[in-house]
Amino acid sequence: MKRTTNIFALTMIFMVTCASCTQKSVEHLLPPPPSADEAYPQPTKLAERTDVPLSQLLAQYEQVLLRVCPDAHAALQEGLSQQQLEALEREYDITLTDELRTLYSWRNGSAPSPGIDAFPYMRFVPLKEALDARNYLRNPDESKSSEVRELQDAWLGFRYSWVGVLENGAGDGYFYDPNRRHDESCFFYTVHDDIGYMFYPSVGNYFEELLELDRRNELSGDDTGVKQDSKWTYSEEKEFLNRFGQWVE
């Protein structure tokens, strides 16, 4: 029921935002907005942080990409220099973690065309593109009424600080929250209808997960990018994920 309610609520907000509806025309149809803890919980028992350097894990994953989906590897863009990273941090008034600097120094996302996913069902978003998208969501749209903005803030405000690192274009993805950069829960996966979060104690833990999936022969590729072929039950998948972070519902 929680999933259905949230899909419905987000659909109504989309209608208000994009179809020139008024707040009052849909507000009475919506349930009360979720609390901060409901919408964006904190993990309580994260797995241990990997001690393998991220640069080493990235090199290993690059070899996986070359084997399972060379087209996805070819679509990756050259990494950013430290000077370019610092310039973007200043321009967008944001602080990246050391791990994210390492990630974007390795590769600055994937080219938008032909849109091949370098991660399972996810595009690696170039940093400037991700920061522009963050600003678009955060900054008031003058075409929206104050009532519509209040409605959006109530339902989506908790996402305003997020940076989309890996995204599928439908609101699902792996995000970085600079407001949590001092915590071990600043990198996480979630879906747009808020059925749960997968928190990682480090970006490296996510790459450890990917490498384990490859060892299990669960990664493959086609002309759209990297796929994950899994036949696990929900409980088996949750147990697996908790080896690398914590799944929170």
Side-chain angles (χ1 to χ4, degrees), residues 36-37 39-44 46-59 61-62 76-112 118-119 122-141 152-153 156-169 171-192 194 197-210 244-246 248:
D37 288 339
Y40 190 24
Q42 288 273 7
T44 57
L46 283 168
E48 290 187 8
R49 184 185 181 98
T50 180
D51 58 4
V52 181
L54 180 57
S55 57
Q56 182 176 328
L57 296 171
L58 291 170
Y61 186 67
E62 188 158 8
L76 290 171
Q77 302 185 136
E78 289 296 320
L80 299 173
S81 68
Q82 288 303 307
Q83 292 80 5
Q84 289 172 315
L85 288 169
E86 290 170 2
L88 286 171
E89 286 183 303
R90 287 193 300 270
E91 179 181 353
Y92 290 91
D93 191 24
I94 191 172
T95 301
L96 301 175
T97 63
D98 289 343
E99 280 197 316
L100 285 173
R101 292 189 188 96
T102 298
L103 178 64
Y104 289 107
S105 295
W106 170 66
R107 298 286 183 171
N108 182 32
S110 296
F119 295 83
M122 296 284 164
R123 177 174 173 244
F124 183 13
V125 184
L127 182 55
K128 180 174 174 55
E129 181 181 332
L131 294 174
D132 281 337
R134 176 178 182 257
N135 274 3
Y136 179 79
L137 185 63
R138 287 160 57 91
N139 295 329
D141 185 339
Q152 178 178 303
D153 290 347
L156 299 178
F158 67 95
R159 295 179 70 114
Y160 288 171
S161 60
W162 299 1
V163 178
V165 180
L166 311 173
E167 294 195 76
N168 69 356
D172 308 346
Y174 294 79
F175 297 88
Y176 162 60
D177 185 353
N179 290 349
R180 290 189 178 186
R181 69 179 180 273
H182 299 300
D183 301 330
E184 287 193 326
S185 59
C186 68
F187 181 73
F188 54 89
Y189 166 79
T190 192
V191 293
H192 72 282
D194 189 29
Y197 289 80
M198 175 61 191
F199 291 102
Y200 295 90
S202 71
V203 176
N205 281 55
Y206 171 61
F207 280 90
E208 291 275 24
E209 177 189 312
L210 289 171
F244 305 97
Q246 185 185 6
V248 179

Main-chain N/O of Gln77 paired to Asn108 side chain as donor or acceptor, under 3.5 Å: no
Arg123 (side chain) donor-acceptor with Gly169 (main chain) under 3.5 angstrom: no
Side chain to side chain, Arg159 and Tyr40, heavy atoms closer than 4.5 Å: no
Among Val165, Leu80, Ile94, the one residue meeting side chain to side chain contact (heavy atoms under 4.5 Å, CB included) with Leu127: Leu80
CG-CZ distance between Asp177 and Phe158, expressed to the nearest 0.5 angstrom: 11.0 Å
Residue that, paired with Tyr206, satisfies ring pair (Phe, Tyr, Trp, His ring centres under 6.0 Å) out of Phe244, Tyr174, Tyr176: Tyr174
Heavy-atom closest pair, residues Glu89 and Leu96: OE2-N, 2.7 Å
Aromatic ring pairing Phe187/Tyr200, orientation class (parallel under 30°, perpendicular over 60°, tilted between): tilted
Minimum side-chain heavy-atom gap Arg134-Ser161 below 4.5 Å: yes
Glu129 side-chain N/O to Pro126 backbone N/O, donor-acceptor pair under 3.5 Å: no
Minimum heavy-atom distance between Val125 and Gly164, given as atom pair plus value: CB-O, 3.7 Å
Smallest separation among heavy atoms of Pro41 and Val248, with atom names: CG-CG1, 3.7 Å
Shortest non-hydrogen contact between Ser105 and Gln82, atoms and distance: OG-NE2, 3.2 Å
Donor-acceptor contact present, side-chain Glu99 to main-chain Ser202, <3.5 Å: no
Inter-residue atom distance Thr97.OG1 - Leu103.CG, 0.5 Å rounding: 9.0 Å
Phe188/Phe199 aromatic ring centres below 6.0 Å: yes
Under 3.5 Å: donor-acceptor pair, side chain of Asp183, backbone of Ser185: no
Phe207-Phe119 aromatic ring centre distance below 6.0 Å: yes
For Arg180 against Pro43, the heavy-atom pair lying closest together: NH1-CD, 4.4 Å
Close aromatic pair by centroid cut-off 6.0 Å: Phe124 and Tyr104: yes
Met122 vs Tyr189 side-chain heavy atoms within contact, under 4.5 Å: yes
N/O donor-acceptor pair under 3.5 Å between Gln246 side chain and Thr44 backbone: yes
Test item: side-chain donor near acceptor, Asp132 and Tyr92, under 3.5 Å: yes
Glu78, CD atom: more than 12 neighbouring heavy atoms under 6.0 Å: no
Please set out all donor-acceptor pairs under 3.5 angstrom arising from side-chain atoms of residues 46-59, sequence neighbours excluded.
from: Arg49; atom 1: NH1; to: Pro201; atom 2: O; distance (Å): 2.9
from: Thr50; atom 1: OG1; to: Val52; atom 2: N; distance (Å): 3.2
from: Thr50; atom 1: OG1; to: Glu208; atom 2: OE2; distance (Å): 2.7

Min side-chain heavy-atom separation Leu137-Trp162 under 4.5 Å: no
Backbone N/O of Pro178 and side chain of Arg181: donor-acceptor pair under 3.5 Å: yes
